[in-house]
Amino acid sequence: MWRDALLIAAKDLKIELRSKVTMNQILPFAFVVLIVFAFALDTSPGTLEKVAPGLFWLAVLFSSIFSVDRAVAIETDDGAGDGLLVYGVDPGGIFLGKVLSVFVQLFLLEIFLLLGVVVLYGPKIGGLPLMVVSAFFATLGLCAAGVTYSQLATGSRAKQTLLPLLLVPVASPVLLAGTKAWQDAFSSATLLGDPWLRLLIVFAVVYLALGAIFFGSILEG
Amino acid sequence: MGSLVSFKNVIVISGNFPILTGLDFEAGPGEIVLVKGRNGAGKTSLLRAVAGLARITRGSANVLGVDIAANPADVRHRIGLLGHESFLYEDLSARENVRFVLKATRSDPSNAEAAMASVGLTGRLADLKVAKMSAGQRKKVALAALLAREPELWLLDEPHASLDSWTRGVLDATLNAKVSRGATVLLVSHESHHGSLVPTRIVEVGGGKIISDTNATKPVPLDPPAAAKQGSGNVA
């Protein structure tokens, strides 16, 4: 399973390097979300500083919808997903490979996005260990849930609208916990004992396990 | 030797629509079975069911000694499917696609170059992104991946479509060689000419069932010029 996961992740990342969808389309979209929400809210520095973690994770959540959709769409074009089944690739490996590939892309996107948040909203960044670890598990959870629900929506003719409808409510604990963990980090809370980080870890582990177990059944339809 | 494919009363349902309706079918080693039938008869569904890509609702389905309905993952990697979809990634080159298939199937990666060269995918063409290729060139990439894998059971859905005559000849010669060594080919085709491929049986599918099964005891090429050279008649 792990060998197949690495094979799929390497292939997907190579495809992303060629197509540059994340860099040329999803990242600019995430910045647009940051800017538009800043306009929609009170633009005074105090307000933006306060809501910066929430807007960051909202932009990441919206971006993740496009990323997981793209990751699964790679396999629906020209029947490539059926090809993987015929080649005998482990479905759990396909799932983990997709999660790994989207994770790498989203984590890189978050680094750029954080720079944007600092420039646009000017929050005082603190508690870096808690920020990094919570971002790691929040992203992992978003990727695991996203790939699962994106594959689930693949059979539908209304996939583009069905996926956000499924994923946004499911991923709302990540949005909430990610925001709270970063607010804790900004107020210099320590890594150990943060309850929101624990929620992010549980979410990521549960969806990774569920995806690895049930992805095969979803893939087989 | 026993059957490599043994379907008994197989039912496959897609949505609410039965696409295979109690199909009985057998194929043994060294056979080239030509599957014929009208559009929507169930030919492609038969190939997908044999490949373990269609959920078998009822009946007994054995492929290469494995119950394909219960354990499709145990046997799929021994099956080669060339269908309407090429299973290729548009942003990867021909070479990258073929190498990926070989890695995924745990096949010998050194087979890639020879297989690509055998269908004319050499030089810059081998490194061209599939997205920039013509339909025929894409078919060659899919074919190269299949040739490099060397499956035991070949499921070919209109394999000659989009291919030039030279590549058709390569495919036919390769398949004839594989079959002589015990491989089995299920060939779906609407074409009346199949080059030098010599079906040993012709089955006709209609309404999701086999409606005729003709055993060609004296196999003859279906290609009229080739048949004329050998002085053979027509296959019934």
Side-chain angles (χ1 to χ4, degrees), chain A residues 1-25 70-98 101 105 154-157 212-221, chain B residues 13-15 44 47-48 50-56 66 68-69 71-93 96-107 129-133 135 138-139 141-142 145-146 148-149 151 153-155 157:
Chain A
M1 183 166 77
W2 295 107
R3 179 195 171 278
D4 287 342
L6 290 175
L7 183 70
I8 297 293
K11 182 260 298 171
D12 280 9
L13 287 171
K14 189 180 279 184
I15 288 172
E16 170 51 30
L17 279 174
R18 298 272 165 79
S19 63
K20 296 182 176 62
V21 170
T22 299
M23 287 307 290
N24 293 347
Q25 292 174 33
R70 162 85 178 148
V72 170
I74 288 172
E75 307 302 346
T76 53
D77 294 344
D78 215 0
D82 280 347
L84 293 181
L85 292 176
V86 175
Y87 306 150
V89 179
D90 186 278
I94 298 172
F95 169 75
L96 291 174
K98 294 278 166 199
S101 154
Q105 294 171 53
T154 291
S156 165
R157 277 184 287 181
I213 294 167
F214 293 112
F215 196 75
S217 305
I218 301 169
L219 200 61
E220 301 269 5
Chain B
I13 296 172
S14 176
T44 299
L47 292 198
R48 287 181 63 83
V50 173
L53 292 176
R55 190 182 291 275
I56 292 167
V66 174
I68 195 98
N71 306 302
D74 291 351
V75 71
R76 280 176 178 147
H77 63 284
R78 296 162 63 192
I79 298 169
L81 174 64
L82 185 66
H84 297 296
E85 293 169 319
S86 66
F87 303 158
L88 299 175
Y89 298 101
E90 297 223 325
D91 287 305
L92 299 184
S93 70
E96 287 166 337
N97 267 289
V98 174
R99 284 185 177 168
F100 173 77
V101 172
L102 292 178
K103 283 181 190 170
T105 53
R106 292 164 169 78
S107 304
K129 268 169 57 168
V130 166
K132 294 186 175 174
M133 289 184 164
R138 286 169 188 234
K139 191 78 169 260
V141 180
L146 199 61
R149 279 181 58 198
L153 177 60
W154 299 65
L155 309 175
D157 200 347

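Numbered from 1 within each chain, the chains take letters A, B, ... in sequence-line order.
In terms of heavy-atom pairs under 4.5 Å with chain A, the best-connected choice from B:Lys129, B:Arg149, B:Arg106 is B:Arg106.
Looking at B:Ser14, neither its backbone nor its side chain comes within 4.5 Å of chain A, counting heavy atoms on both sides. The contact between A:Leu84 and chain B is made entirely by side chain atoms (from C-beta outward), counting heavy-atom distances below 4.5 Å. For A:Asp82, the parts sitting under 4.5 Å from any heavy atom of chain B are the backbone and the side chain alike. Looking at A:Glu16, neither its backbone nor its side chain comes within 4.5 Å of chain B, counting heavy atoms on both sides. With a 4.5 Å cut-off on non-hydrogen atoms, B:Leu53 touches chain A through its side chain but not through its backbone. Residue contact with chain A, scored on non-hydrogen atoms closer than 4.5 Å, involves the backbone and the side chain of B:Ala104 alike.
Taking CG of B:Leu102 as the start and CG of B:Asn97 as the end, the distance is 11.0 Å to the nearest 0.5 Å. A distance of 10.0 Å separates CD of B:Glu96 from CG of B:Asp91, quoted to the nearest 0.5 Å.
The closest donor-acceptor contact from the side chain of B:Asp157 to the backbone of B:His84 lies at 3.5 Å or more, if one exists at all. Between the side chain of A:Asp4 and the backbone N or O of A:Asp90, at least one donor-acceptor pair lies under 3.5 Å.
The aromatic rings of B:Phe100 and A:Tyr87 stand perpendicular to each other, their planes meeting at an angle above 60°, with 30° marking the opposite boundary.
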* **Intermediate values then yes/no, salt bridge (charged side-chain N to carboxylate O under 4.0 Å, His left out), B:Glu90 and B:Arg138** => CA-CA 9 Å; B:Glu90 297 223 325; B:Arg138 286 169 188 234; 2.7 Å; yes

